[in-house]
Amino acid sequence: MSFTVNTLRNVTTACQQMRDHIKTIVFRPDAHKTLDITFGPTVAAELIGRTPEALAKAESKGRLPQPKQLPNGRRYYTLEDLTQIREALGIHVGKQPDEDAVVLAVQNFKGGVGKSTITKHLADYLALHGYRVLVIDCDPQASTTTMFDIQPETLIDDDQTLGAFLSPRSTFSNFAETIRDTPWPTIKIVPSSLGLQDAEWDLTSTLREGGQAVRESLQALRIGIASVTKDFDVILLDPPPAMGFLGLNVMAAATGLLIPVPARQLDYLSTIHFMDTIADNIEILEQNGTPVNYGFIRVVCSTFSPSKPGENDMWRIMQATYAGLLLGQPILASEEIKNATQAFRSIYESKPSASHQTYTRCRDNLDAVFGEVVQQIRQQWSSTSLTGTDASVSVAA
């Protein structure tokens with residue numbers, strides 16, 4: 001083994017050991033993430049679309065079980081309780097059984113724009129509000145996979161992975177078997193694995209064969225998702241930061257596109273190239289028998305620091321040039337998000353790391369941004385597109 005390879009292997013081993021040590025501190029005692037999220041009556045009622053009084057009335061009449069109580073008598077609910085309450089009251093927040101999930105790709109080629117962080121936070125936000133979510137990590141870097149407490153190297157001997165499914169050389173064809181549980185009861189994940197980069201090479205090799213082989217390689221992910229699209233409300237795709245065959249698969253499978261763009265000049269300029277490249281590659285897909293027509297495309301300003309020189313100017317430029325596509329709220333840069341990410345968590349499963357006011361401001365900002373995204377998602381379902389986000393509430397408490 002060469003000096004270079006040996007050095008890199010040693011560094012990798014040391015980093016993995018340190019990562020495992022960090023996790024034993026963050027997730028002690030079992031080194032695995034467990035959800036420790038509870039809600040008071042006011043927050044619980046807000047999340048399910050009721051008033052605290054309506055919940056208490058339903059509980060007093062026996063329509064709902066009595067909530068749990070702390071030693072001081074304060075009532076609280078868990079995430080599982082919210083799911084049971086929605087079921088008991090006939091509250092359905094997602095699509096109808098005959099409708100397809102919205103497949104949303106969170107994509108930009110530029111690194112550091114918050115792609116994986118947004119994917120994780122959006123998934124958790126949707127789950128809190130009762131949606132069934134599937135996250136598909138298509139990036140060999142596996143940042144989103146790690147955030148959901150799955151280590152890519154644990155899948156190295158697993159034949160039932162996304163890489164095996166996508167590879168033309170593999171005989172594994174049951175996409176549903178790539179889906180794993182997460183600590184969130186209503187979020188599932190197709191994790192990135194170490195074989196995903198190999199699948200990229202295998203897909204690329206179909207260029208030599210041409211014709212039908214290329215069409216099949218471009219549609220592989222779309223075909224896999226089609227087999228589970230009735231089982232979820234929203235499917236989130238975290239693509240690789242480049243437009244190879246993996247990226248083309250993501251573009252072909254998506255039905256909506258969310259583009260994170262920080263309010264910085266270089267990021268703004270690189271996104272011009274990104275959008276042009278996306279358009280070029282959609283034309284390539286269509287020329288190869290894979291039509292693409294997104295139900296919506298939205299740009300979100302990410303990691304926005306209004307106090308930094310130039311970012312307010314860039315925000316105004318983005319408002320002018322992305323008119324009709326830009327979400328009305330930017331995602332504010334926050335130490336709360338950074339601290340949560342370092343603990344392999346999102347804001348929605350974390351306690352405040354600084355002041356409660358700072359945490360609340362950060363969470364309220366994310367709620368506002370993702371609320372806009374949910375409006376776009378719901379417009380894709382005929383059952384909710386005309387009546388808005390309250391259309392799902394079918395029975396009053």
Side-chain angles (χ1 to χ4, degrees), residues 95-109 115 119 134-139 162 165-168 173-176 178 190 196 199-200 202-260 271-299 322 324-325 373 375-385:
K95 65 179 184 61
Q96 294 301 309
D98 62 329
E99 294 176 315
D100 291 330
V102 170
V103 184
L104 179 59
V106 183
Q107 174 66 303
N108 197 328
F109 293 160
K115 179 171 61 72
T119 301
L134 175 64
V135 177
I136 305 179
D137 191 352
C138 304
D139 187 349
L162 180 61
F165 177 84
L166 293 177
S167 173
S173 60
N174 190 345
F175 182 79
T178 67
V190 176
L196 199 53
E200 173 84 68
D202 293 341
L203 289 167
T204 304
S205 69
T206 61
L207 285 171
R208 294 194 297 267
E209 303 174 45
Q212 182 64 24
V214 173
R215 282 192 291 274
E216 290 176 357
S217 69
L218 292 174
Q219 296 180 9
L221 183 60
R222 177 192 280 192
I223 292 170
I225 288 175
S227 68
V228 299
T229 191
K230 295 291 193 296
D231 301 331
F232 300 94
D233 297 310
V234 181
I235 298 175
L236 297 176
L237 306 179
D238 186 5
M243 191 50 71
F245 265 67
L246 280 177
L248 286 169
N249 262 269
V250 171
M251 294 296 97
T255 60
L257 186 62
L258 182 63
I259 306 172
T271 303
I272 298 173
H273 174 65
F274 164 76
M275 291 187 177
D276 199 35
T277 302
I278 289 290
D280 289 343
N281 282 282
I282 287 176
E283 289 181 342
I284 292 173
L285 289 168
E286 292 177 340
Q287 290 165 7
N288 284 276
T290 307
V292 174
N293 188 22
Y294 299 142
F296 65 96
I297 299 173
R298 288 295 180 271
V299 176
Y322 296 140
L325 297 180
V373 177
Q375 289 180 11
Q376 296 301 317
I377 289 171
R378 295 181 68 82
Q379 287 295 318
Q380 310 311 305
W381 299 320
S382 59
S383 60
T384 60
S385 61

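Just so you know, these numbers come straight off a predicted model, no measurement behind them. Along the sequence shown, residues are numbered consecutively beginning with 1.
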Would Leu246 and Leu166 count as a side chain to side chain contact (heavy atoms under 4.5 Å, CB included) if you check the C-alpha gap in whole Å, the side-chain angles of each, and the deciding distance to 0.1 Å?
CA-CA 9 Å; Leu246 280 177; Leu166 293 177; 3.7 Å; yes

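- Counting all heavy atoms, side chain and backbone alike, Ala176 lies closest to Val228 at CB-CG1, 4.1 Å.
- The distance from atom CG of Leu221 to atom CG of Leu162, rounded to the nearest 0.5 Å, is 6.5 Å.
- When all heavy atoms are compared, the tightest approach of Phe232 to Lys95 is O-CE, 2.7 Å.
- The line from OG1 of Thr178 to CD1 of Ile136 is 7.0 Å long, rounded to the nearest 0.5 Å.
- Not a single donor-acceptor pair under 3.5 Å links the side chain of Asn288 to the backbone N or O of Arg215.
- Checked by atom type and distance alone, the side chain of Arg378 never pairs as donor or acceptor with a backbone atom of Thr384 at under 3.5 Å.
- Gln107 places no side-chain N or O within donor-acceptor distance of the main-chain N or O of Pro239, the cut-off being under 3.5 Å.
- No donor-acceptor pair under 3.5 Å is formed between the side chain of Thr229 and the backbone N or O of Asp100.
- Phe296 is listed as a side-chain neighbour of Ile377, based on a closest heavy-atom distance under 4.5 Å.
- In this structure a side-chain-to-backbone donor-acceptor pair under 3.5 Å is present from Gln219 to Gly289.
- In this structure, the side chains of Phe165 and Val190 stay at 4.5 Å or more apart for every pair of heavy atoms.
- Between Asn108 and Pro260, the shortest heavy-atom distance links the atoms ND2-O, 2.8 Å.
- By the 4.5 Å heavy-atom criterion applied to side chains, Asn281 and Leu285 are not counted as neighbours.
- Side-chain contact between Arg298 and Val373 is absent, with no heavy-atom pair separated by less than 4.5 Å.
- Glu200 places no side-chain N or O within 3.5 Å of a backbone atom of Leu196 that could act as its donor or acceptor partner.
- Legend: salt bridge (Lys or Arg N to Asp or Glu O under 4.0 Å) pairs involving residues 283-296, not counting sequence neighbours: none detected.
- Taking CD1 from Ile225 and CG from Leu134, the interatomic distance works out to 7.5 Å, rounded to the nearest 0.5 Å.
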Check the pair Gln380, Tyr294 against side chain to side chain contact (heavy atoms under 4.5 Å, CB included), reporting the backbone distance first and the verdict last.
CA-CA 10 Å; Gln380 310 311 305; Tyr294 299 142; over 6 Å; no

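- Arg222 has its side chain within reach of Val292: a pair of non-hydrogen atoms, C-beta onward, lies under 4.5 Å apart.
- Summarising the geometry, atom CD1 belonging to Ile235 is positioned 11.0 Å from atom CG belonging to Leu104; distances are rounded to the nearest 0.5 Å.
- Taking both residues in full, the closest heavy atoms of Ser217 and Phe245 are given as OG-CE2, 3.2 Å, listed atom of the first, atom of the second, then distance.
- Between the CG atom in Leu257 and the CE atom in Met275 there is a gap of 8.0 Å [rounded to 0.5 Å].
- The environment of CG in Asp98 is crowded: more than 12 heavy-atom neighbours from other residues, nucleotides or ligands sit within 6.0 Å.
- For residues 235-250, the pairs satisfying side chain to side chain donor-acceptor pair (under 3.5 Å) are Lys115-Asp238, Ser116-Asp238, Thr144-Asp238, with sequence neighbours left out.
- At least one donor-acceptor pair closer than 3.5 Å links the side chain of Thr255 to the backbone N or O of Val103.
- When every heavy atom of Cys138 is checked against every heavy atom of Pro240, the shortest pair comes out as O-CD, 3.4 Å.
- Of the N and O atoms on the side chains of Glu99 and Ser383, at least one donor lies less than 3.5 Å from an acceptor on the other residue.
- Trp381 and Asp233 get closest at one heavy-atom pair: CZ2-O, 3.1 Å.
- Atom-to-atom distance recorded for Leu248:CG and Ile278:CD1 is 8.5 Å, nearest 0.5 angstrom.
- No side-chain heavy atom of Ile259 sits under 4.5 Å from any side-chain heavy atom of Leu325.
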